[in-house]
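A, B, ... follow the sequence lines: proteins, then strands. Residue 1 opens every chain.
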Amino acid sequence: MSSQADQLRLNNVYAGYDATVILKDVTLRIGHGEAVSIIGRNGVGKSTLLKTILGQTTLHDGAIYIGNTDITACATYRRVWHGLGYIPQEREIFPSLSVQENLTVVSNYRQRISVSRIYELFPLLYERRSHMGNQLSGGEQQMLAIGRALLGNPSVLLMDEPSEGLAPVIVDELQSTMRTLREQESLAIILVEQNSRVALDFAERCIVMNRGQIVRDGPSVELRSNVELLDRLVGIDIASDTQGLE
Amino acid sequence: MSEFLNVVISIVFDGLAYAMILFIISVGLSVTMGLMGFVNLAHGVFAMAGGYATVAIMSQLGIGFLPALLCAGVAIGVASLVLEQTLYAPLYKAGELDQLLLSIGLVFMASGAFTYFFGPDPISVQIPDYLHGQIDLGVRSFPTYRVFMIAVGIAMALGLWISLERTLIGARIRAAVDNRPMAEAVGINVNRLFKLTFALGSGIAAIGGGLAIDILGLTPNFAIQYLVLFLIVVAVGGLGTIRGTFVAALALGIIDNAGKYLWPEGGAFFIYAVAIAILLWRPSGLFGRTD
Amino acid sequence: MSSTALQTSGLDKNFGALRIARNINFELQRGARHALIGPNGAGKTTLLNLITGVLRPSAGRIQLLGTDITGMGQSKRTRLGLVRTFQINQLFKGLSVLDNVCLAIAERTGVASSLLVPLGHHHQVIDEAMHLLHMLRLDGDAMQLVNQLPYGRQRLLEIVIALGQNPQVLLLDEPAAGVPSAESQLILEVIDSLSDDIAILIIEHDMEIVFRFAKRITVMMTGAILTEGTPNEIAADDRVRAIYLGDY
Amino acid sequence: MKFRTYGYAGALLALSSLPAETLAATVRVGVVLTYTGGAAQLGQQIDRGMNLYIKQHGSELGEHNIELIKRDSKRPGGDIAKTAVQELITRDQVDLLTGFVFSPNAMASAPLVTRGQVPMVIMNAGTAWIPSLSPYIVRVSFTMWQFGHPMGGYAYDSLDCKSAASGYTDYPPGKDSVAAFKHGFERAGGELVDSIPMGSPREVPDFTPFFQRVKDAKPDCFYVFVPGGNHSTAVVKTFADLGMKQAGIRLIGPGDITQDTKLQSMGEDAVGLVTMHHYSADYETPENKAFVQAWKAEYGADTTPDFMGVAGWDGMAAIFHVIRSQNGKIDADGAIQALRGWKFNSPRGPILIDPDTRDIVQDVHIHKVVKSGDRLAIQVVGTIPQVKDPCKALSLGKCAN
Amino acid sequence: MPSLVGSHTRRQQMQPTQNNQHPSRRHRWHLAEALPWVIAVGAYFVFPDYLAFGTQILITIIFAISLDLILGYAGIVTLGHAAYFGTGAYAAGMLSAHLGWNEPISGLVLAGTAAAVMGWISGLVLLRYRGLALIMLTLATAILLYELANTFEDITGGFDGLLGIHISPLLGKFDNDLWGHNYYWYTLTVLVIVFLAARRVVFSPFGRSLIGIRDNVQRMHAIGTPVYRRLVTIYTISAGLAGIAGGLFAQSNAFVTLDVLGFARSGTILVILILGGTGRLYGAFVGAVVYMVVEDELTKLSPEFWEFGVGLVLVLVVLFARRGLLGFITDMNELMHKARS
């Protein structure tokens, strides 16, 4: 049944924390080099979805594949070896490691991307390479988090709100870097984003989540042109709701 | 003045030697508790086993003290892995009370087993001649074995520090202590890393046990007798930090010595009073994480 | 008596060089139905923690019903009627649903320091707890252990506990997050039906809930208050739209 | 593993040939020793001494049997020993009690043996006034005063010590020992300049700071008491490591610091040490040679008895004496009566139970450690015959009342 | 209970049974609760030669109950509970040895009071800390007390122990006989009283709030609980009960040594309670009986190597019966219920 084109596949996944189920019946396929953004309000399960792919939640049912490999029962680090890269919401840079070390600790089996390649992508990191992880600005941390994820030679990159708390200039800069990367490395990317503009600009396909489920999965372009639909789906339709209430 | 200076030198020097034993044996415990959060009261067993192994290897293989120490370290390190795999690993996710019970049980078992195999008599070890007697270090002369102890302790601290601060594995250990889930998310096999450090910590403790025979003696009761002391060193230093364990061992070793020299009637009062004061001031230890 | 239930003036909170709350002047009227919105990381939870005493402000004052509570401990504020719910469940998972509520009521009524009389003899506590559970249709689950309850019902219990504390000022941190719609409906009904004496501040991302519930809305952004107004004013504010749709 | 040791005595042959009308009694002896913990080695020495005696002399009991019921007193806390004694008296209904490594264990049990009227033969516990705590206590080991006190005089007179410092393990035998030395030394004219408590008996401390303090004070002699067992090797090593001998300080003490079992592990550093004690495995008497030979045959050529082992042996001899003199029916008062004035040719030399104090009277020897071939040996360089406990004899300290 | 070390959170291991019973019924007595008392009374007649040992077991149960109140209910892990046991023991002992106060019952009350005062004073400082720091502080505090008692040997008798304790007959009639008949009843009576009090406390609103503190301190702050004050209160009560156990120990032995303050005693009582099961009061009974009987029997079997056996039992219990023996029984019960339904 599996299609060769799928880079990542989730089949009827139920997952959450301990006994609590947050994701319900999530099925998802991501093709080679495809970029997908996931939007939705806070608390609808976007981050939980990423963590479930990564293997850091309790999986109650369903299966997860990278390519043709079933990783459902794999520990997190093995999933990473199979090609996952993760950029967490809070960056989670290792504070007692230098910038350089934050990059080198990554398990880099296939040696496709080198540390110097990361420094090429983010020259600022090279300047800061001997700084400790807890001495970086937000933007630098984000660059480091991306570089760190890339060093694992991922075929699928999971990004959790990379633009949060960053100045617009830096967001733009990061975006263009990511685009370059996608073209050069044929990465599949899942981007969780609150900022709909960033999400819709970046990925050609957009998934909307609500209450632990996928409520819409389709081309971003539709949402970009149809703001009302977007508002309704994301539940921030201020105008219409107020009208209705008052 | 020179009298005073002499006293200070004595206290610091003897404190150093004692501190090195504390450090070498405790540092592995600090890592176990810091990295895996495992309350391992049985850590002293590895030191004790190391002491017995050193003596046994010397008499069975007929090799010298120093090579025997190394062999014992390796042997106990490997043996500790078996223990980790069979008994410790299933309890990582259990409550700490279960861990306490398990490790106390192990201490008891070790005490009984070592009595059975080696008898209750204290074991002594043949120190090579060149480590005997006094050595003149310019200022004055010092007991050679203690100078050797201090050298070994400092070398070991430096070695550990370098391997933790300057090597890839060291960086990975620090990453795992910093943030375990994230470490796994960059592909670090934290469990295997831990097994490695556990074996290393046990092996080092075993060497410490062998080194300590000549100063503290060795009976099957060793693991129980010194349990509290090792725990105090780890708690005062802060979990999971080599620097913390080193500084705590130094501080407690020297303070204990000063107390014994200047006020022997006070017994062990000093060391515990100081430990309490430090913990009241910094509950997570001198170099512990405060989050 | 003034009409202000809760007031903060010039609140600042710094972590080292990081300023996570900046000069927050916020006022909650008696009986208010007020919502606090803003994107992730805007400082909503920080403000909540400052008000409830989890965090101490670096500068500024907080007043509750005319009393300065800036330096006061958490539990003391609670006893003055400042009650909050938690975004992530903070229930007593090893206790039954009823026990969870009883703890709160016993604490409020002062029964909790009673040492030698079994809880079961304090009928008024149990009756009140059952009454509150009944209100949120949890009475059927009263004897369940909390960790056996579905998530949505745990959120309901969160509210029951808060009500058991007889709040004067009630701070609801995303009460409906992760709750199935039938139950979130119920939560809203309960909140709507609360006495007019209680001032309610709700932090919520679900705009549907916010606009249905709130008479006033405060919008936060990067640790400071961006604007405040009626729902209509907020809906018309371009900056707010921009934040939510990312058009900055 | 050894379980309960049931009577070796009354060999099968003897039993089978017994005339039917003879009353064969089994005498039950409760043994309370530290079998585990830091002092387990002491318990083992005494246990071996007892068992060796039973093995060699079991047939002397004739038709009677002896059954040992062993209990571990674990720690010096008193309570565990006391509960064990209480059970041995009430439940196991023992005829005699013996063992007792730590003084508190004997002291805590004293009221029970009085009330239960069970004779108690102490094989170690050396705090001076223990026999006065109950009329049913007899001691076959030693008192701290028997060595400390004569050592004081000897050090001043013969070792040319005009000033001395003392260091002791901080518990009653240590204090006793130093008090005895101080009294003897000052009576002879010497001056005790410092007296240092050196940690608890539970663990071997790092002795360096204490010894360094003495080295800096530069007395002629350094009198050290540590309990038999782990401590002594560390004492001699630390003394050597600090170069105190070269600094002109002489290490002296009771024989605990040159205990036979530890002597070989001390190495060259021990040579020249002078101690005062009542036993060494190197004594040349025929009794001792036979004893040591039997010991090595039983427990291995690399083992050696020390003063604990000999106390176990002698204590069992005393118990045999009681059984024989009472013909297997132990009556407490009769047993004590039989032991008052009991004389025995022990491997350590002639010993006597003082009829008045029920304490041991024995020869005390001046030991010197010498090199003999490739091993260290104890050479006796002087003897003080038949020493009574000076504490009680001179009515000093707690012995005064 | 907070994690002892680091920030690794784990599942709580203490989940008292009977929690999901209705509060109005929960504190009522169950038939099964008669069992330990039937055994305790029956043991008097079945094992008349073991009463001295039995008395020590009963004392240990009281001590373990006192620890359960703070560990099992309030989540305070301590390695220094012997501090209060020892305070009680020395108080009872010194009353008799120095002041000639030989009446046992009032002596016991005073012993409990002295320990409670000690618990209150130390609790005021200690309970500001949690986790590993708290464990090490309790441990070090107990050792300091030990060292003090050793230093002031004129009062405490030091290492040799406090001699000269002469306890008067109970109620003027019942002496501490060699077989321990009277003291068995005396101790059992005290145990009944202590247990009833502890049971009341546990089921009171106060006791429930302790469970709340153990499970989720954060939330307790938020519902207005004066957490620190509650902890100090229960710590004081616990210390008082430990002092009563210590007082009984001193009176029944007529002897006190430094050992009552020792680390071994603190460690053993913790092991006993965990072995039996924390947070359920009866864990103290099961743990004390199992541990002491196993140790006693093994000691008799092999005075030299019994430690190995005791250790093995502990390890096996951890591997096959998590949350103590009582927890294991509860789990089995639940399994059987599930299998049946």
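With a threshold of 4.5 angstrom between heavy atoms, A:Gln56 approaches chain B through side-chain atoms but not through N, CA, C or O. When heavy atoms are compared at a cutoff of 4.5 Å, A:Leu97 approaches chain B by way of both its backbone and its side chain.
Residues of residues 158-169 of chain B lying under 4.5 angstrom from chain A, judged on non-hydrogen atoms, are B:Glu165, B:Leu168 by number.
Residues passing the side-chain contact (heavy atoms from CB on, under 4.5 Å) test with A:Arg128 are A:Val99, A:His131, A:Leu136, A:Glu140, sequence neighbours excluded.
The greatest number of non-hydrogen atom pairs below 4.5 Å with chain A, out of B:Asn191, B:Asn179, B:Asn189, is found for B:Asn189.
For the atom pair CD1 (A:Ile64) and CG (A:Leu10), the distance works out to 5.0 Å, reported to the nearest 0.5 Å. Taking CZ of A:Arg117 as the start and CD of A:Glu120 as the end, the distance is 6.0 Å to the nearest 0.5 Å.
Cation-pi geometry between B:Arg282 and B:Phe287 is not satisfied (NZ or CZ under 6.0 Å from the ring centre, within 45° of the ring normal). Relative to the six-membered ring of A:Tyr126, A:Arg129 meets both conditions, a distance below 6.0 Å and an angle of at most 45° to the axis.
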- [ ] Report the C-alpha distance between B:Val45 and B:Leu106 in whole Å, list the side-chain angles of each, state the deciding distance to 0.1 Å, and finish with yes or no for side chain to side chain contact (heavy atoms under 4.5 Å, CB included).
- [x] CA-CA 8 Å; B:Val45 169; B:Leu106 287 177; 5.5 Å; no
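A salt bridge does not link A:Glu193 with A:Lys46: none of the charged nitrogens is closer than 4.0 Å to a carboxylate oxygen.
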